[in-house]
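Proteins come first, then strands; the chains are lettered A, B, ... in the order of their sequence lines, and each starts at number 1. All values below come from the heavy atoms of this structure, side chains included, with hydrogens, waters and symmetry mates left out.
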There are 4 protein chains.
Amino acid sequence: MEISVAVLGATGYAGSELIRLIEGHPYFTIGHLAAHSQAGKKVSEVLPGISGPTACMVLVTSDMPVPDDVQLVFTALPHGAAAQSVKMALDAGKKIVDLSADFRHRSATTYKTAYGLDHPYPELLEEAVFGLTEFSRADVVNTRLVANPGCYPTSTLLPLVPLLKADALNTDRIIVDSKSGVSGAGRSAKTDLLYCEMNEGVRAYGLPRHRHAWEMEGWARGFSGRAIRVQFVPHILPMTRGMLTTLHLAGQDPESWYAILDQAFRNEPFVRVLPEGALPSTKGVNGSNRCDIGLMVTGTDTAVVISCLDNLLKGAAGQAVQNANIMFGLDESSGLSTQAIWP
Amino acid sequence: MEISVAVLGATGYAGSELIRLIEGHPYFTIGHLAAHSQAGKKVSEVLPGISGPTACMVLVTSDMPVPDDVQLVFTALPHGAAAQSVKMALDAGKKIVDLSADFRHRSATTYKTAYGLDHPYPELLEEAVFGLTEFSRADVVNTRLVANPGCYPTSTLLPLVPLLKADALNTDRIIVDSKSGVSGAGRSAKTDLLYCEMNEGVRAYGLPRHRHAWEMEGWARGFSGRAIRVQFVPHILPMTRGMLTTLHLAGQDPESWYAILDQAFRNEPFVRVLPEGALPSTKGVNGSNRCDIGLMVTGTDTAVVISCLDNLLKGAAGQAVQNANIMFGLDESSGLSTQAIWP
Amino acid sequence: MEISVAVLGATGYAGSELIRLIEGHPYFTIGHLAAHSQAGKKVSEVLPGISGPTACMVLVTSDMPVPDDVQLVFTALPHGAAAQSVKMALDAGKKIVDLSADFRHRSATTYKTAYGLDHPYPELLEEAVFGLTEFSRADVVNTRLVANPGCYPTSTLLPLVPLLKADALNTDRIIVDSKSGVSGAGRSAKTDLLYCEMNEGVRAYGLPRHRHAWEMEGWARGFSGRAIRVQFVPHILPMTRGMLTTLHLAGQDPESWYAILDQAFRNEPFVRVLPEGALPSTKGVNGSNRCDIGLMVTGTDTAVVISCLDNLLKGAAGQAVQNANIMFGLDESSGLSTQAIWP
Amino acid sequence: MEISVAVLGATGYAGSELIRLIEGHPYFTIGHLAAHSQAGKKVSEVLPGISGPTACMVLVTSDMPVPDDVQLVFTALPHGAAAQSVKMALDAGKKIVDLSADFRHRSATTYKTAYGLDHPYPELLEEAVFGLTEFSRADVVNTRLVANPGCYPTSTLLPLVPLLKADALNTDRIIVDSKSGVSGAGRSAKTDLLYCEMNEGVRAYGLPRHRHAWEMEGWARGFSGRAIRVQFVPHILPMTRGMLTTLHLAGQDPESWYAILDQAFRNEPFVRVLPEGALPSTKGVNGSNRCDIGLMVTGTDTAVVISCLDNLLKGAAGQAVQNANIMFGLDESSGLSTQAIWP
């Protein structure tokens, strides 16, 4: 079996990882690559890491029709721009995993609050499945449109949802302090993302309320049924990849939380709960599709939960392939690694 | 006026910065350099950044008597080892700034709880002045022994104390999420501090309770009169220098906190409260003795306060020189820079 | 088909990559993991990037007999220590790829000159095949012992050998200026490999004559029949992976060299000669088993040739698997990626 | 004595260092700051490292007249743009240190060959002094216009000129392999200078002939009287600051070269020849105005000479201040540090 795949937005950092993952995938093959601002160039001129026949493909514009034989489309476009491409691909009968934010919210009102845009296709919001795979499998298998979660929500919700389901948490005191590598900010030529301005520097950004806060709160409720309020503070660090989220939590009987997390993820191929007392590092997950989680009880009613993932893999392209595998009835792990590139 | 100075523990990272600062100081000159494990070597063999006559000095052991003409001793030794050297120097009539933790606690019991050691000179604990300069000037000027604060407590207490004094905070819900460059872990040959294991990696450590938590709580009370409890989670990042502390705070009327901080530090040469809405970066302070502070209100009863400093300067050697300047009646800024080395 | 594999020296940086590659290999499976100083620990305690069943395996000492069902042994041990393990494995009927320097020299005299050691099994030197795969395939297929080349010789010889064979070069004026990531220095706890001492620093080392110079000269002659003399200056840079070698070459008609290189590597899966005028970067190869080569003519009788590879993959573990694939009659690319992890 | 100073091009990386150095200078004070693209903003909005009154100054456009009381102008503008500002400042009676390439060449023809521009004021080329301070002092003291050398030529010529003067070198076989931090590429928002594209990457650039090659050849002849030809290959490395130049040299009796270098620089405050056998690192000079030089004999007629400097200090702003000190009859070291910021 061979499934032809398109990537729209192929030359960004998530797009580039999608190409690499598809190249190593046992069933997916690349059938179409679009990148608006780079259209007309060969892949190798824009992506130095890609070699072989794919490197010789010519990039087309994002609004070019996707070939008929393509069955699966990954859209790695900016929010706002993705919706149109998704609609076109749906109308052409493709299955889609959208890595933008355009279909992550059930309500067009929330979308507008978070992104400041009127949604062009609100009727599709209900249909789209929010693909936090570990909690969405049953829906992903049947949908034609997956909204792939953001990296911050993925790293936050994976440990949070089981604790919420168990009613363990004080839902008013959830503090999410995240640390992200620079690739999360994308491949745009901005002065403050230059090597010299990021190296040896760490800073918070996106305050007082980053867009991903709505996504966290919305889907915490969506998966657990409980309303929460998060104080979310993202930071950008001098590293290319990796995301570490520190959850400062309050609630009842934190000594029991380890068992809750362990139970939730014991059989998951891409989530590892570390032994009690061990703390994860982004070094342990970079290059893999894995999320590592550690727990440390800090008081009679408080604990710290820390999760690590590769923001471009489990936080973007890796989870996208994980969802696509399910959509096509494949082994969920096809083409994905659980082992990190270390050191 | 020329004041001869000794540095004990001269070849660690704080020791090396002390040498550089003394070399550029208008009144201090280097009279004695000790470094136990490197004794017998020339400075230039161990510290590649030092040149000129000082580079040719021979390092002696830390237990060698300090020459008579030395008036000021900086001890940059491991906790436990520093106390003995401090005692010897005091007995020889020197003034001392101790960069270790040995004299930071008023109570030998707390010291033992935090460091697991019986204090050899508990009678000196009462005499030592905790040198968080902005809050300790009146005492520093008269003392012969300054206990220089830790880097984490400095970055935490500078913004916290004014808010506590103003009774603005819920003292049970103080969350301190700190991010430190690797130099804070010192110059010891440990596998987990190797370049390849730190680069592209971030991780928390020191949980469930890092030793600096006692120092924060003790001196929050010491300076403000209020008992607090902190949840302190330190992280180590892939950068050499710099510390960013994110304080997740709750309390009354956070809209009024900016004025409290601004009022507290308006005339301080080494603390800058950024304009409302601006967030600091470690890039803005590295190489300087400055601490930058930003505030962002996140709700009706919550706010985030972020402070940045160079862990080896305002967090160690810089503040030590700042204190020493006061002890000798000099301009507090002598030999210290308010401008960062940027980029 | 399933081939059980042992890794001796499993917890160094090359060893760790061998485990990852074997885990993703279609035919190899891990049957035995030894790491002398870490014996008794579980893999996950020492290698944070490895998860799943392999992470739970217990490391044994390097002198433990390799199980009977293991057919292939990778030895990633220090030079001097490897020879003994190789001999034991040969005597037990295994096939071996040795990543140390112990079997890279045909002559025990050269080995002693370069490494200062008497070779314990000189009779094996003649038998061992120097596995610079692109030039050694015919011999690798039939041998039971491959000496896997060093990273510097691999990056140097790949572009140099075709030019030597074509008699294009002035063999007295070959200057090799190499730049390596820190992982090439191994995982030992040395002060000068600490993050803080490598970050923002570049330096040459190993002068006046690094051990790999003998390997380059010996195999330049071995593969091309021409005696050369290299001036080799290695540098270590602040990055974990990657090696760039700049060859400053003199000779006749450098305008014709591009065709020589292109011809030599046109059909090679793991060597890419970039289009004329393009220069490679280590970013374009990291995470892959590929070597990228660029050429720039700089005068009527001079040119610069630049090669890039991942020192832990094409420079170590990747080429080792490439050789092992050939030894077992598999597709040479099995389990190896030509696509870089980028960015 | 107080000398008011202007910086044109104040918000680039060299400009920012000029501000810091002037702020710490005993006689210079900032009187005027221009930055074309940032005009109208406060310094602190563009340069996060600057604090105090200077941070509140408003940037003006580069073509604004410099105030009458300003005696000294530093022009840190792009080549081509600097010439006009230099002419205006000269006509207004100022002394100027120009950090651009516009006045580094004696001949307008060479300038056009290297930069592709017709020089607007060729009559000034003869008058300008090429300020490689250690070789130019006698001329710098009397001039009103110093052309500050490029970073690559500074790191190359410092060790090369004494060896050329001593007639030690084969002038046809001078190979210059340089490694530079990213700040040398300036502060422009280009994709290939983004953190994610530079981190973990090293690459050569500027081939076949970088503009600085003409500057090296021209001033090697200017200072030594000998014509040379260099093969110059610059590389960019993942670090913010620092430059290491590896000179692969051939000539007679290299064992005698150490004495030549030692003799040349023995009394220089900002050049250090390391002990025989020692090799410099950029870590040893970053943050200082020092150049460190090491020599290693590699054969009977070959040697490697390695020089290190901070590209923004001895390679730009530091040397500019060193020259300005001489122009105003001050101690050449005023406001400059010989000690590195380490680690």
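Rounded to the nearest 0.5 Å, atoms CE (B:Met198) and OG1 (C:Thr240) are 10.5 Å apart. C:Leu194 contributes atom CG, which lies 8.0 Å from atom CZ of B:Arg187 (distance to the nearest 0.5 angstrom). Atom CZ of B:Arg241 and atom CG of C:Asn199 lie 11.0 Å apart (nearest 0.5 Å).
Heavy-atom minimum distance, B:Pro238 versus C:Tyr195: O-OH, 2.8 Å.
Heavy-atom distances place no part of B:Pro48 under 4.5 Å from chain C, backbone and side chain included.
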